[in-house]
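Only one structure is covered here, and it is reproduced in the block below.
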Amino acid sequence: MKITFIGHGYVGLVTASVFADLGNTVWVIGHTKEKIENLKKGVIPIYEPGLEGIVKRNIKAKRILFTLDHKEAIPESSAVFIAVGTPPRENGEADLSSIFEVTKKLAPYLSGYTVVATKSTVPVGTNKKIKEIINQFKSQKADFDVASVPEFLREGQAISDTQSPDRVIIGTDSKKAEDLLIELHEPIGGKHILTTIETAEMIKYASNAFLATKISFANSIASLSEITGADGVGVLEAVGIDKRIGSSFLSPGAGFGGSCLPKDIKALLGIAKTSGYDFGLLKEVNKVNDQAIKGIVNKSKRLLDGNLENKTIAVLGLSFKPDTDDMRDAPSIVIINSLVKAGAKIKAYDPVAMKNAEKILKRITFSKDCYQAVEGADLLILLTEWNEFRQLDLVKIKKLMKKPNIVDGRNIYDPKKVKDLGFAYIGVGR
Ligand code: UGA
C-alpha cells in the first residue's frame, strides 16, 4: 500500500519506518528543509534504539521517502496519517494548531479515495473538525473518510511496541476506511478494536491517565511505607502479582515525566473541565507526582543536613526515562532547578540526553562520564535508570566523592550492598 505520514517525530518516523519495513511505500512529509535533507541520508533527528537501522534499510529499498512537497506524496496515497505534536497550551488544553494547519495543507492534494487517519493524541471531537476542514479545502472530485488510530508506543521501545502492539484502535464511521486500515495493520499483531471516532480518541487519553494513576498510586504507597517502616517496593511487587492489578507501572521513583503522560493528563483535565465534570482523581494524580519529584530534593536535603548551599551534587540521568534523549517534562529539570536555587552546584551526566539538556539547564556543568560527575561530590542523585548506571564501580565512586551519599531516585541499587560499602543511602519507598 502507498501511504503518507505527516510528521517525523517519535510517533511519525517510527510508525512510518515500521510500515515501510512491512513492504509498503511510505512517504514522510516534514516542513524543515534541513531535517528532510538529513532524513534522506538516513540521519534521524531523534534518539530511538533501532530506528536508524530500519530507516536506512528502507531508504535503500526505496520504501521510505522523505519530502517537503505534499504534491509528491498525497495524491498517490491510500491513507494519510497525521502524526504531529499536540503540546499543552498554558491552560493545559492540547494545542491543536499544528493538526489543523497540516490538515488544511494536505486537503487540496487528496485525489481519488483516501483515508485521513490521526495518530496524534487529540481531544474528542478533533477528527470531526478535521473532516470539516478537509471538506472545505479539498477538490470536488476527491473522496475521503477520517479515522482515529491513536498510537501507544513508548519512547525507548518504540519499534517493538509498533511492531507488536497489544491492540490496534481503529475509530471510524466508514466501513470502507475500516477495511483499508484493517488490511494495512494485518501483519501487525494485537487485538483490533473497531469503534467510533470519539471512543478511539478517548481510549488514548484514558490509557495514559490510567498509567499515570498507577504510578502515582505506587508513589503514594512508597511515601506511606517510608513513614511506617514497611518496604514499599516489596509491597508493590506483591500487589502487582495479582493478575487483576498487574506488575507494570507500579515502580515508585522520581515521578513520571515525558512528552505524553504529563501533557495528556493536563489535556484530559481540560476536557473534563469544559464538560463540567470534576475529575478529582486525576487532579490528585498530578499532585502526587509533583510531591514525588519534590521528594527527591527533600531526600537530598536530609542527607546533607538540611543545607544545600555550595554543596556539589552529581546527577546521573537527565532524560525522563532510559533509552531516550527526550527531555520534555523530565523530572530532572524541576529537581535540578530547585537544587540550584538552594545553592547547590550540579555536575550532571546522561548517556544521550546532554545535548538536549544543555538547551534547558543553563547553570550546571556537564560531565563526560559518571566518574567525572561524582568527583568531589557531596551527594550522588540517580534520576534515570540507564543500564550503564546499574553496575557502576561503587568502590571507585566512593573514593572519588567528597562524601559518600546516594539518593537513588529509581531504586536501582541494593540498599544493603550500598550501605555495606559505607554509603548513606535513601531510595524511594524502601
Ligand atoms: C507513554 C505511554 O506509556 C505510551 O503507551 C503512549 O503511547 C505514550 O505515552 C504516548 O502517549 O505517546 P512514554 O511517555 O514514552 O509512553 O513513556 P512511559 O514508558 O509511559 O514512561 C512515562 C514516565 O513514567 C517516565 O518518566 C517513567 O520514568 C515513569 N514511570 C513509568 C514511573 O515512574 N514508574 C513506572 O512504574 C513506570
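Values below: every heavy atom of this structure, side chains too, minus hydrogens, waters and symmetry copies. Start at 1 and go down the list; that is how both ligands and their atoms are numbered.
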Subject >> Contact (N/O only, under 3.5 Å) between Ser251 and ligand 1 >> reply: yes

Original post:
Out of Leu153, Leu261, Thr86, whose heavy atom sits nearest atom 7 (O) of ligand 1?
Top reply: Leu153

**OP:** Enter the distance from Ile169:CD1 to Lys191:NZ here, rounded to the nearest 0.5 Å.
**Re:** 10.0 Å

Original post:
Can Lys396 be said to sit on top of Tyr371's aromatic six-ring, NZ or CZ under 6.0 Å from centre and within 45° of the ring axis?
Top reply: yes

**OP:** Would you mind finding which of Lys214, Arg154, Arg328 brings a heavy atom closest to atom 3 (O) of ligand 1?
**Re:** Arg154

Subject >> Arg410: numbered ligand 1 atoms lying under 4.0 Å from its heavy atoms >> reply: 28 (O), 33 (O)

Original post:
Does ligand 1 have any atom sitting under 4.0 Å from a heavy atom of Lys204?
Top reply: yes

Subject >> OG1 on Thr4 to CH2 on Trp27, rounded to 0.5 Å >> reply: 8.0 Å

**OP:** Could you verify whether a donor N or O on one side chain and an acceptor N or O on the other, from Lys204 and Thr121, lie under 3.5 Å apart?
**Re:** yes

Original post:
Applying a 4.0 Å heavy-atom criterion (strictly less than), which segment of Leu211 is in contact with ligand 1: side chain, backbone, both, or neither?
Top reply: side chain

Original post:
What heavy-atom pair brings Leu153 and Val11 nearest, and what distance separates the two atoms?
Top reply: CD2-CA, 4.2 Å

**OP:** Mark the output for Gly257 as yes if a heavy-atom distance to ligand 1 is under 4.0 Å, and as no if none is.
**Re:** yes

Subject >> Distance-only N or O hit between ligand 1 and Lys321, under 3.5 Å >> reply: yes

**OP:** Starting at NZ of Lys311, measure out to CG of Leu379 and round the result to the nearest 0.5 Å.
**Re:** 10.0 Å

**OP:** Using distance alone, determine whether Phe256 and ligand 1 share an N or O pair under 3.5 Å.
**Re:** no

Subject >> Element-labelled atoms of ligand 1 that are located less than 4.0 Å from some non-hydrogen atom of Glu151 >> reply: 7 (O)

**OP:** Classify the angle between the aromatic ring planes of Phe81 and Phe19 as parallel (below 30°), tilted (30 to 60°) or perpendicular (above 60°).
**Re:** parallel

Original post:
For the atom pair CD1 (Ile134) and CG (Asn127), what is the distance rounded to the nearest 0.5 Å?
Top reply: 9.0 Å

**OP:** Mark up the atoms of ligand 1 that fall under 4.0 Å of a heavy atom belonging to Glu155, in ascending order.
**Re:** 15 (O)

Original post:
Would Arg328 count as a cation-pi partner of Phe320, with NZ or CZ less than 6.0 Å from the six-membered ring centre and within 45° of the ring normal?
Top reply: no

Original post:
Among the heavy atoms of Gly258, does any lie under 4.0 Å from an atom of ligand 1?
Top reply: no

**OP:** Assess the side chains of Ser216 and Asn289: does a donor N or O sit below 3.5 Å from an acceptor N or O?
**Re:** no

**OP:** Give the C-alpha distance, both sets of side-chain angles, the deciding distance and a yes or no for ring pair (Phe, Tyr, Trp, His ring centres under 6.0 Å) between Phe423 and Tyr425.
**Re:** CA-CA 6 Å; Phe423 285 94; Tyr425 172 94; 8.9 Å; no

Original post:
Which of the atoms in ligand 1, numbered in the order shown and given with their element, are less than 4.0 Å from a heavy-atom of Phe152?
Top reply: 4 (C), 5 (O), 6 (C), 7 (O)

**OP:** May I ask you to list the atoms of ligand 1 that are less than 4.0 angstrom from any heavy atom of Cys260?
**Re:** 8 (C), 9 (O), 10 (C), 11 (O), 12 (O), 14 (O)

Original post:
Backbone or side chain, does any N or O of Ser248 fall under 3.5 Å from an N or O of ligand 1?
Top reply: no

Subject >> Heavy-atom nearest neighbour of atom 32 (C) of ligand 1 within options Ile215, Val11, Asp264, Asn411 >> reply: Ile215

**OP:** For atom 2 (C) of ligand 1, grab the closest protein heavy atom and report residue, atom and distance to one decimal in Å.
**Re:** Asn208 OD1, 3.5 Å

Original post:
Just by distance, with hydrogens left out, do Gln157 and Asp323 show a side-chain donor and acceptor under 3.5 Å apart?
Top reply: no

Original post:
Would one find an N or O of Thr121, backbone or side chain, under 3.5 Å from an N or O of ligand 1?
Top reply: no

Original post:
Nearest to atom 37 (C) of ligand 1, what protein heavy atom do you find, and at what distance?
Top reply: Phe249 CD2, 3.5 Å

